[in-house]
Amino acid sequence: MNNASPSPARQAYLLSVRRQKRQVHLWQAALLLGLLALWELSCRVGLSDGFLTSCPSRMAATFLNLCRSGDLWRHIGVSCGETVIGFLSGTALGTVVAICMWWSGKLARILDPYLVVLNALPKTALGPIFIVWMGAGQGAIIVMTLAISLIVTILNMYQGFLSTDGEKIRLMRSLGASRWQILWLLVFPANAPTLFATLKVNVGLSWVGVIMGEFLVSQAGLGYLIVYGSQVFNMDLVMTSIVILAAAAVVMYRLVLWVEKFLNRFWGKGL
Amino acid sequence: MIHLRGASFVYQAPDGEVEALRRVDMDIAPGEFCSVVGPSGCGKSTLLSVISGLEPLTAGTAEVDGAPVCGPSEKIGFMPQRDQLFPWRTIRDNVTLGLTVTKKRTPEALVYADTLLRRYGLWEFAGKRPSQLSGGMRQRCALIRTMATNPKILLLDEPFSALDFQTRLSVSSDISRIIRQEGKTALLVTHDISEAISLSDRIFVLSARPAVVKSVHDLTALQGLSPLERRDTEAFHTYFQAIWKELDHHE
Ligand SMILES: Nc1ncnc2c1ncn2[C@@H]1O[C@H](COP(=O)(O)OP(=O)(O)OP(=O)(O)O)[C@@H](O)[C@H]1O
Ligand SMILES: [Mg+2]
């Protein structure tokens, strides 16, 4: 299979795969450009009102303005900061609670109904409570973000811990391992994939929390820009902020994937 | 080396008691390689758990190397079903898992582990991950992990059950050769009668649950033959027929 020169059939196959891939990319780009062109055109010829629907050229201008005033990076930085703090603390705290539940089956049974209720409850409903308690500022936004990712983390991680191979636990016990050792040498590393899966979910959830929070209270951030834009009827600002938000969310998700890949290389393929 | 007298064990489950072992008597001499066969779910794994001190006997006594069993002991190495190597550890770190757990990562112990890796052809894979090894090599690695703490007794719970037939033949004879070469006492649980006959000195046949020792077969006629040679003998088939008949009676 690792011959210096693959067979003609293989070459043809590889070529067709590559061609198909290129075609998909081409179509994706074409679709994007087409939609943008359509948008721009409909605005130019007066089919749609640029004041209400904005258009690519107006968004580009808004973007440049934001860049020039230096506000852009401040808003992106604020939102990203809140998101990162939110999902990291939510994941960390949730993992700690899940560890405690794994440690004490009794605690797990006691907490079970509370988790069911909290999981079903839309956490954004708690926003006003956090604002009253924490004050109308970043604190409330971060706590809300944390609340959103916390419950999912607890449930996912606890489930993962429970599904650790019983035969591996038997092996550890036969070596005379303490509960701590079983946790740190087996249960926790065995659930690194669960942790990363949860982290990926939490990145998305945290953006929901941050934007929701910024809608309610904020002086800066992408959510603030969106709400502010809509209040002053500046749809260009609203649309531009949403595009920036999408880009920031994707970049952050990619970053988590990249960290996972890096650690996988470090720990080996097994993870 | 291993002495069970009237060993009984009952699981307390939410929906009632499960009697797994009933008055099991068993004596295994130092250096002996014994097998346990029995119908599935009869209590074979429970027997190993009891000997390795993971579960306390409900009644009767268990003695290992002259001392009563109370909790896991370093005299016993346990080899579980499938290899159960930790995929995130390197081969060397897997092999020294027991040393890490018992906090005995002394230079001598590490040298011994490396010696075993070298002696059994895994040295060049020491830095690799289990996923990069073949099934047979993984099994050998699992055995070395069990031996790295230098136990006198090895308990093997259907270690080959996940392997395909071809691999199984070679791996099982490979593993048994290593165990004999290292002079260990071994107790192997298997549901494969022919595997038991080809590897052991004696075979304990257990009944359906609750397990009692139905009979003991002394494989004197096969002494000194290799596992593969054994499969070619007349005695092999005689033993097989006898054990098969005993297991075939479904009450
Ligand atoms: N923790 C437990 N609680 C209750 N019953 C159990 C428990 N563990 C095992 N049993 C029951 O005890 C009996 C013996 O179990 P054991 O695992 O020792 O059997 P086995 O001979 O090893 O089976 P197999 O051939 O499937 O490996 C089985 O009927 C099993 O259902
Ligand atoms: Mg079993």
Side-chain angles (χ1 to χ4, degrees), chain A residues 1-2 95 98-99 102-106 108-110 112 157 160-199 256-257 259-271, chain B residues 45-46 48-55 69-104 125 127-133 138 142 145-146 148-149 151 153-159 161-162:
Chain A
M1 236 181 273
N2 282 329
T95 306
I99 287 176
W102 175 82
W103 195 277
S104 155
K106 194 169 176 181
R109 278 197 294 280
I110 293 172
D112 182 61
M157 291 307 288
F161 289 163
L162 282 192
S163 60
T164 310
D165 194 326
E167 201 70 356
K168 285 199 173 71
I169 291 182
R170 196 162 163 236
L171 169 74
M172 289 295 281
R173 289 216 300 135
S174 79
L175 288 168
S178 67
R179 241 174 130 62
W180 268 116
Q181 288 179 317
I182 294 180
L183 178 67
W184 287 120
L185 293 175
L186 170 60
V187 173
F188 200 70
N191 281 286
T194 321
L195 183 63
F196 274 107
T198 310
L199 213 50
V256 174
L257 287 187
V259 169
E260 183 184 19
K261 211 166 148 189
F262 175 77
L263 289 179
N264 265 352
R265 182 127 13 109
F266 186 67
W267 275 325
K269 270 194 196 143
L271 284 188
Chain B
S45 299
T46 308
L48 294 194
S49 293
V50 160
I51 296 173
S52 57
L54 293 180
E55 306 279 3
V69 172
C70 50
S73 143
E74 283 169 39
K75 293 171 188 165
I76 292 176
F78 176 70
M79 192 164 161
Q81 225 166 61
R82 282 165 280 127
D83 51 67
Q84 304 299 355
L85 298 174
F86 293 0
W88 55 89
R89 292 183 148 238
T90 61
I91 295 306
R92 192 163 187 269
D93 286 345
N94 264 293
V95 162
T96 55
L97 178 70
L99 303 176
T100 306
V101 168
T102 52
K103 304 206 171 66
K104 296 229 168 79
F125 299 97
K128 298 245 159 66
R129 310 280 165 179
S131 56
Q132 292 165 286
L133 265 61
R138 292 173 61 118
R145 172 186 60 197
T146 314
T149 49
I153 299 166
L154 300 182
L155 302 178
L156 305 97
D157 195 349
E158 305 195 31
S161 57

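In what follows, chains carry the letters A, B, and so on, assigned in the order in which the sequence lines appear, proteins first and then strands, with residues in each chain numbered from 1. The figures that follow rest on heavy atoms only: side chains count, while hydrogens, waters and symmetry mates do not. All values derive from a computational prediction rather than experimental measurement.
In terms of heavy-atom pairs under 4.5 Å with chain A, the best-connected choice from L155(B), D157(B), T149(B) is D157(B).
Contact of the L185(A) side chain with the R89(B) side chain is registered, since non-hydrogen atoms from C-beta on lie closer than 4.5 Å. Side chains of W88(B) and N264(A) form no contact here, defined as non-hydrogen atoms less than 4.5 Å apart.
For L171(A) against L97(B), the heavy-atom pair with the smallest separation is CD2-CD2, 4.3 Å. Among all heavy-atom pairs drawn from V101(B) and M172(A), the shortest one is CG2-CE, 3.9 Å. For K168(A) against L85(B), the heavy-atom pair with the smallest separation is CE-O, 3.6 Å.
Looking at S45(B), both its backbone and its side chain come within 4.5 Å of chain A, counting heavy atoms on both sides. There is no contact between I182(A) and chain B, counting heavy-atom distances below 4.5 Å.
For the pair E167(A) (side chain) and Q81(B) (backbone), a donor-acceptor distance under 3.5 Å is present.
A donor-acceptor contact under 3.5 angstrom links the side chains of S49(B) and R170(A), judged on distance only.
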